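Only this structure's heavy atoms are used, side chains among them; waters, hydrogens and symmetry mates stay out. Read the numbers this way: they start at 1 and go in the same order the structure lists the ligands and their atoms. Here the structure is a predicted model, which means the values were calculated and not measured.
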Amino acid sequence: MRREHFQILCATLVVLAHGSTSDGPFSLPALPYAYNALEPHIDGETMTIHHTKHHATYVAGLNGAVKGSGDVISGDAVALAKFQATAVAQGTAARNHGGGHYNHALFWVNLSPAEKAGKPSPALAAAIDKAFGSFSKFQEEFAKAATTRFGSGWAWLGVRQDGGLAITSTANQDNPLMAGLGYDFVAMIPVLGLDVWEHAYYLKYRNKRPDYIKAFWNVVNWSKVSRNYETYAKAGQPVPPTPTGGNHAAEL
Ligand code: MN
């Protein structure tokens with residue numbers, strides 16, 4: 001067995017052994033790469049804690065939140081994406097944990113080991129140029145949104161209702177699919193998100209959020225982000241957070 005396959009197997013066993021996510025429809029999806037696969041840009045210890053502790057807590061919290069609702073809900077990736085629109089209306093736990101599960105599941109699959117990171121597809125590259133002037137201007141604007149988000153939250157690239165690309169940021173575990181956030185943000189279907197909570201970077205980057213944002217560009221899975229854009233967001237569909245956009249169980 002190759003080393004990286006062994007590490008993915010270990011990561012899967014950690015998830016299976018964790019158990020806290022099995023009391024409901026939603027489960028913690030395994031990472032499609034080893035915990036240390038994004039080094040040196042994002043370190044293995046941060047990835048391990050972020051996935052097995054932080055993300056697992058959101059999954060457990062979401063299962064708790066939907067338990068009392070009486071609704072029969074499928075826990076697959078498509079259902080999770082659709083859940084976002086009404087999460088705020090379903091209460092604080094659904095908002096925080098529903099957003100937390102979706103945002104992280106999308107984040108993991110939008111990252112990739114640096115040697116496989118690739119480039120935006122021609123269609124996405126053209127849309128970026130049209131919206132921001134150039135790829136480097138897009139990176140500048142995205143980094144600004146990520147840097148200036150006060151406290152904890154996320155920066156996003158996404159497709160507005162008019163079909164154009166835009167950048168926004170949201171607080172805590174909110175995301176721009178959610179209706180009724182109660183503060184200024186750009187409503188959009190996100191295709192790329194960056195977690196700017198301190199738990200995402202503090203072990204390696206300490207208080208230097210801008211250095212983490214700069215490192216992030218090395219590990220963006222552009223073929224996945226391009227698929228998010230072309231197959232889902234451009235068609236008005238929220239992006240299912242799996243490697244190809246299908247169901248969790250089938251893909252992971
Ligand atoms: Mn996080």
**OP:** Could you check Tyr205 against Ile213 for side chain to side chain contact (heavy atoms under 4.5 Å, CB included), going step by step and ending with a plain yes or no?
**Re:** CA-CA 10 Å; Tyr205 294 99; Ile213 295 166; over 6 Å; no

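Counting only protein atoms, the N, O or S atoms lying less than 2.8 Å from the Mn ion (ligand 1) are His50 NE2, His104 NE2, Asp195 OD2, His199 NE2, ordered by chain and residue number.
Aromatic rings from Phe185 and Trp154 are positioned such that their centres are separated by 6.0 Å or more.
In this structure, the salt bridge (charged side-chain N to carboxylate O under 4.0 Å, His left out) partners of Asp162, at least two apart in sequence or on a different chain, are Arg160. A search for salt bridge (charged side-chain N to carboxylate O under 4.0 Å, His left out) contacts involving Asp195 returns nothing, not counting sequence neighbours.
At least one side-chain heavy atom of Lys234 sits less than 4.5 Å from a side-chain heavy atom of Tyr229.
Screening residues 206-216 for side-chain hydrogen bond (donor to acceptor under 3.5 Å, both in side chains), with sequence neighbours left out, gives Tyr201-Arg209.
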